[in-house]
**Q** 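Dropping a structure here in structure tokens format, bear with me for questions.
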There are 2 protein chains.
Amino acid sequence: MATIKDIARLSGYSIGTVSRVINHHPDVSEKARKDIEAVIASENYKPNSNAVQLKNTGCSPVTVLVKGSRNVFFESILEDMQKVFRENGEEVSVAFLDEDANEVEAAIQLCVQRRPKGLIFLGGNLNYFEESFERIEVPAVLVTGDAEELPFENLSSVTTDDTKGARDAIEYLVSQGHERIGIIGGSLDTDLGQISDFRLSGALEVFNRRKMNFDMDRDFEPSKFSLESGYEAARRLLKKAPDITAIFAIGDMIVLGAIRGIVDSGKKVPDDISVMGYDGIEYTRYAVPRIATVRQDIHELAVRSVEDLLWRLSYHRVAQHFIIDHEIIPGESVKNIREEK
Amino acid sequence: MATIKDIARLSGYSIGTVSRVINHHPDVSEKARKDIEAVIASENYKPNSNAVQLKNTGCSPVTVLVKGSRNVFFESILEDMQKVFRENGEEVSVAFLDEDANEVEAAIQLCVQRRPKGLIFLGGNLNYFEESFERIEVPAVLVTGDAEELPFENLSSVTTDDTKGARDAIEYLVSQGHERIGIIGGSLDTDLGQISDFRLSGALEVFNRRKMNFDMDRDFEPSKFSLESGYEAARRLLKKAPDITAIFAIGDMIVLGAIRGIVDSGKKVPDDISVMGYDGIEYTRYAVPRIATVRQDIHELAVRSVEDLLWRLSYHRVAQHFIIDHEIIPGESVKNIREEK
DNA sequence: AACATTACCGTTAACGTTTACAGTTACAAT
DNA sequence: ATTGTAACTGTAAACGTTAACGGTAATGTT
């Protein structure tokens with residue numbers, strides 16, 4: 001494996017000059033640049049990034065911390081993020097965390113060991129940030145959570161308005177004639193609980209305002225963001241609240257599981273039970289029936305967060321907070337039952 | 001950020017002794033060990049991995065190269081791999097490659113820059129390996145491809161028998177009375193084409209042996225491993241070959257898209273068209289109808305590959321080649337049409 | 001002609017580690 | 001009392017790189 005020394009030897013210049021060529025410093029003659037670049041190319045030389053990073057303290061690539069990886073939604077965002085990094089010629093490193101890990105503590109560890117130049121949190125619990133984010137010194141972005149209220153200068157956030165999304169979802173169900181709506185949502189003891197909270201509270205707002213019949217004990221069932229959990233929740237919910245005509249599940253994976261649960265309970269979607277999801281993963285457009293959902297702009301979410309971080313790294317900009325649009329996607333999984341009455 | 005120097009200063013020992021404590025070397029007194037460990041704990045010190053890796057040439061963590069990331073199947077394997085690495089106290093680094101990238105060239109680049117101690121290829125094209133794998137010096141594992149025939153001493157492989165899996169799938173469809181079977185598979189110009197090849201040839205074997213009516217132009221339609229591609233392929237296939245009673249799609253994502261395509265062509269699954277997939281992703285068990293598939297043991301695939309690599313790294317074992325079992329999972333998506341005749 | 005300036009290039013110290021080697025003790029054996 | 005040995009501990013070189021600094025030669029200025 002060639003090192004900068006070899007390049008220096010082979011090209012007849014000193015390692016200093018080689019380094020300058022590599023880093024596009026001005027003080028180098030046209031000839032030297034050409035010569036050295038030729039050797040670099042012929043030797044297929046790339047600087048050893050460990051050495052580079054050791055020298056320039058704190059510049060290993062941006063790390064994306066993904067919390068709870070079995071999550072199609074996150075995977076899609078991650079993929080788009082990768083693309084943006086690549087387009088900007090930036091390396092990325094990805095670390096996966098358990099769903100119940102403390103991502104901020106994990107990030108602190110990661111910082112002392114690897115000195116990344118920036119951090120992106122894909123999923124995260126605001127409480128952990130409040131507790132200990134102050135100990136993180138590099139620019140960071142929280143995706144899927146709003147850090148506007150937090151007092152940190154180096155933490156941007158990119159998210160959608162979960163409360164409003166849920167309100168819109170319920171309004172949509174109501175517009176289709178549904179009055180008894182059940183909810184399958186996150187339990188508060190999971191770390192993604194905050195998102196669930198927001199979505200749940202959005203739904204409750206509508207119920208309240210419209211004075212609809214909704215009882216937390218009867219019409220709500222907790223669930224993780226997984227197929228299995230959605231399945232179980234749906235079965236339990238249908239037993240507790242047999243008169244509901246629609247279910248709003250706060251994640252598309254939950255809906256997918258829930259549909260099977262509904263079918264196994266002997267009911268039909270959407271004839272007996274309408275269902276609506278949240279997130280807008282690709283498969284909702286191909287499912288039979290096509291699933292109504294609150295689509296988040298995944299691409300925008302990814303692009304904004306990466307670009308914000310990159311800009312801040314390059315130009316020392318200040319942290320910002322973005323709210324990305326969402327969109328109600330009607331679907332065959334919701335039946336219009338208005339005319340029936 | 002504390003360095004080894006700080007620990008030395010604070011504990012009153014030299015950095016040599018501190019380093020010995022960190023690396024569990026024997027030549028250090030009980031007292032020194034205690035003292036130094038106390039300081040390390042109180043300072044929350046972790047060695048800077050860039051420095052460590054620079055010194056011990058070639059020991060940045062194992063890197064998993066994932067090719068074509070929008071692939072639920074790979075994501076599941078990746079997740080299981082992460083778990084095994086974590087259990088063994090090993091770090092992992094993940095890099096995502098485009099579906100049409102040359103993963104071996106990418107790995108070579110990665111080696112000169114980062115000096116990983118090992119490599120896992122998740123997906124890959126045997127041709128690229130044949131061409132240039134010789135230039136890779138670290139132990140590697142190819143997952144989802146059989147490297148047995150390749151002359152490389154440091155390349156293990158873990159895969160399932162795709163040909164046999166496809167044979168078994170077709171036999172299953174035949175056992176359910178299907179005689180006119182269409183296939184949706186990968187086109188040869190994609191890099192995952194080899195897997196497609198094997199699966200396709202397995203299917204053809206059965207058609208030949210049983211002298212079944214199958215015409216490549218009419219009864220086969222190429223497709224990438226994606227929902228969209230499966231959708232389009234199904235629609236085209238149904239137009240070309242309206243008399244088929246079953247479709248074997250060589251990937252579960254393809255099936256998921258294909259089902260929508262079939263429905264949009266005005267047919268029903270499984271009443272008009274039976275479908276069967278390959279891979280065994282979790283959702284096949286929750287889909288309505290439940291999807292018959294060739295389930296690969298994802299967990300085993302992940303565990304074997306990681307453990308093989310870790311063993312080889314620790315004990316300098318020789319590369320091995322594993323064939324992981326598969327299993328035919330019957331499902332509601334295949335209708336038994338035997339009794340109808 | 002003398003000097004200043006520019007443009008280029010080489011030398012070297014540092015980044016935080018690990019490890020071979022060279023001490024320094026303490027204690028047992030002679 | 002001397003030597004040998006064992007058990008530790010410190011020192012310093014090295015890993016591959018960057019960047020501050022100093023040097024040299026060529027060119028421009030007076």
Side-chain angles (χ1 to χ4, degrees), chain A residues 1-37 39-40 43-61 91 109-117 137-138, chain B residues 1-37 39-40 43-61 91 109-117 137-138:
Chain A
M1 296 276 139
T3 71
I4 198 172
K5 261 185 224 154
D6 301 317
I7 305 301
R9 191 168 37 78
L10 259 29
S11 66
Y13 290 86
S14 74
I15 58 174
T17 305
V18 175
S19 175
R20 272 184 289 262
V21 169
I22 294 166
N23 299 297
H24 303 100
H25 279 272
D27 290 349
V28 48
S29 69
E30 206 49 40
K31 176 171 184 328
R33 161 158 289 126
K34 283 268 156 59
D35 291 350
I36 291 172
E37 274 171 352
V39 178
I40 288 179
E43 291 297 298
N44 199 288
Y45 165 80
K46 283 278 157 72
N48 177 319
S49 48
N50 288 134
V52 175
Q53 288 158 37
L54 175 60
K55 194 81 232 312
N56 306 354
T57 102
C59 81
S60 76
E91 286 191 76
Q109 285 296 337
L110 199 141
C111 281
V112 302
Q113 275 194 63
R114 312 201 84 90
R115 319 274 161 119
K117 60 180 164 190
E137 286 154 3
V138 295
Chain B
M1 297 277 139
T3 72
I4 199 172
K5 260 185 224 155
D6 300 317
I7 305 300
R9 192 167 36 78
L10 260 28
S11 65
Y13 291 86
S14 74
I15 56 176
T17 306
V18 175
S19 175
R20 274 184 287 265
V21 169
I22 294 167
N23 298 300
H24 303 101
H25 278 270
D27 292 346
V28 47
S29 69
E30 206 48 41
K31 178 169 182 325
R33 160 159 287 125
K34 283 269 155 60
D35 289 351
I36 291 172
E37 274 171 352
V39 178
I40 287 180
E43 291 297 299
N44 198 285
Y45 165 79
K46 285 275 158 71
N48 177 320
S49 48
N50 288 134
V52 174
Q53 288 159 37
L54 174 59
K55 194 80 232 314
N56 308 353
T57 106
C59 81
S60 78
E91 285 190 77
Q109 285 296 338
L110 200 139
C111 281
V112 301
Q113 276 193 64
R114 312 200 86 89
R115 318 277 160 119
K117 59 180 165 191
E137 286 154 4
V138 294

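To find a chain, count down the sequence lines: A is the first, B the second, and so on, and within it residues start at 1.
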**Q** Report the nucleotide, chosen from C:dG16, D:dA12, D:dT17, that has the shortest atom-to-atom distance to any side-chain atom of A:T3.
**A**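 Nearest to the side chain of A:T3 among the choices is D:dT17.
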**Q** Taking CD1 from B:I15 and C1' from C:dT19, how many angstroms apart are they, rounded to a whole number?
**A**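 Rounded to the whole Å, the gap is 11 Å.
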**Q** Rounded to whole Å, please give me the gap between CZ in B:R115 and C1' in D:dC15.
**A**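 It works out to 10 Å between those atoms.
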**Q** Between A:R33 (CZ) and C:dC8 (P), how many Å, whole number?
**A**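 Atom-to-atom, A:R33 to C:dC8, this comes out as 10 Å.
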**Q** Quick one: side-chain contact (heavy atoms from CB on, under 4.5 Å) partners of B:K34, sequence neighbours excluded?
**A**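 Testing B:K34 for side-chain contact (heavy atoms from CB on, under 4.5 Å), a comparison that skips the adjacent residues, returns B:E30.
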**Q** Please identify each residue that fulfils side-chain contact (heavy atoms from CB on, under 4.5 Å) with A:S29, with sequence neighbours left out.
**A**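 A:S29: side-chain contact (heavy atoms from CB on, under 4.5 Å) contacts with A:K31, A:A32.
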**Q** Does a distance-only test, which skips hydrogens and angles, find a donor-acceptor pair under 3.5 Å between the side chain of A:K55 and the base of D:dT18?
**A**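 Check passes, donor-acceptor contact within cut-off.
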**Q** What stems, by residue range, does DNA chain D take part in, given at least 3 consecutive Watson-Crick or G-U pairs under 3.5 Å?
**A**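 Listed by first number, the stems are C:1-30 with D:1-30.
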**Q** Between atom CD1 in A:I7 and atom C1' in D:dT18, what is the gap in whole Å?
**A**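 Going from CD1 in A:I7 over to C1' in D:dT18 covers 16 Å.
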**Q** How many whole angstroms separate atom CD1 of A:I4 from atom P of C:dT12?
**A**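 From A:I4 CD1 to C:dT12 P: 16 Å.
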**Q** Take the protein atom NZ of A:K46 and the nucleotide atom P of D:dT18, then report the distance between them rounded to whole Å.
**A**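 The answer, rounded to whole Å, is 14 Å.
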**Q** Is there side-chain contact between A:I4 and A:Y45, with at least one heavy-atom pair below 4.5 Å?
**A**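 A:I4 reaches A:Y45 side chain to side chain.
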**Q** Could you tell me whether the phosphate oxygens of D:dC15, OP1 or OP2, come under 4.0 Å of any side-chain nitrogen or oxygen in A:K5?
**A**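 Affirmative; the distance criterion is met.
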**Q** Considering only heavy atoms, which members of residues 22-31 of chain B lie under 4.0 Å from some atom of DNA chain C?
**A**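 Residues of residues 22-31 of chain B that come under 4.0 Å of DNA chain C are, in numerical order, B:N23, B:H25.
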**Q** What pairs of residues pass the salt bridge (Lys or Arg N to Asp or Glu O under 4.0 Å) test when at least one of them lies in residues 6-20 of chain B, not counting sequence neighbours?
**A**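 Matches after skipping sequence neighbours: B:D6-B:R9.
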**Q** Between D:dC8 atom P and B:I36 atom CD1, what is the distance in whole Å?
**A**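 In whole Å, D:dC8 P lies 13 Å from B:I36 CD1.
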**Q** Contact between B:N50 and A:R114 at the side-chain level, heavy atoms closer than 4.5 Å - yes or no?
**A**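 Heavy-atom side-chain distance check fails, nothing below 4.5 Å.
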**Q** Do A:I7 and A:V21 have side-chain heavy atoms sitting under 4.5 Å apart?
**A**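 The answer is no, as the side chains (C-beta and beyond) never meet within the 4.5 Å cut-off.
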**Q** Examine C:dG10: is either OP1 or OP2 under 4.0 Å from a nitrogen or oxygen in the side chain of A:T17? Give yes or no.
**A**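 Answer yes for this pair, as a side-chain N or O of A:T17 is under 4.0 Å from OP1 or OP2.
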**Q** Would you say B:Q109 and A:K46 make side-chain contact, with heavy atoms under 4.5 Å?
**A**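 B:Q109 vs A:K46: side chains touch.
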**Q** With a 4.5 Å limit on heavy-atom distance, are the side chains of A:T3 and A:N48 in contact?
**A**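 A side-chain contact under 4.5 Å is absent here.
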**Q** From the options C:dC9, D:dT17, C:dT18, select the nucleotide whose nearest atom is closest to the side chain of B:V52.
**A**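 Given the options C:dC9, D:dT17, C:dT18, the side chain of B:V52 is closest to C:dT18.
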**Q** May I have the distance from B:R114 (atom CZ) to D:dT17 (atom P), rounded to whole angstrom?
**A**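 Going from CZ in B:R114 over to P in D:dT17 covers 14 Å.
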**Q** Does the side chain of B:Y45 get closer than 4.0 angstrom to OP1 or OP2 of C:dT17 through an N or O atom?
**A**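 Yes, B:Y45 has a side-chain N/O under 4.0 Å of OP1/OP2 on C:dT17.
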**Q** Using salt bridge (Lys or Arg N to Asp or Glu O under 4.0 Å) as the criterion, list what pairs up with A:D27, not counting sequence neighbours.
**A**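 Residues passing salt bridge (Lys or Arg N to Asp or Glu O under 4.0 Å) with A:D27: none at all.
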**Q** Just compare D:dT18, C:dA20, C:dT17 and give me whichever is closest to any side-chain atom of B:R20.
**A**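 Nearest to the side chain of B:R20 among the choices is C:dA20.
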**Q** Does B:S14 place a side-chain N or O at less than 4.0 Å from the phosphate oxygens OP1/OP2 of D:dG10?
**A**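 Looking at the OP1 and OP2 atoms of D:dG10, one of them is under 4.0 Å from a side-chain N or O of B:S14.
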**Q** Could you work out which one of D:dC15, C:dC9, D:dT9 sits closest to the side chain of B:A32?
**A**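 Among the listed nucleotides, the one closest to the side chain of B:A32 is D:dT9.
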**Q** I want to check something: taking the side chain as every heavy atom from C-beta on, are B:P116 and B:P61 in contact at a cut-off of under 4.5 Å?
**A**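 B:P116 vs B:P61: side chains apart.
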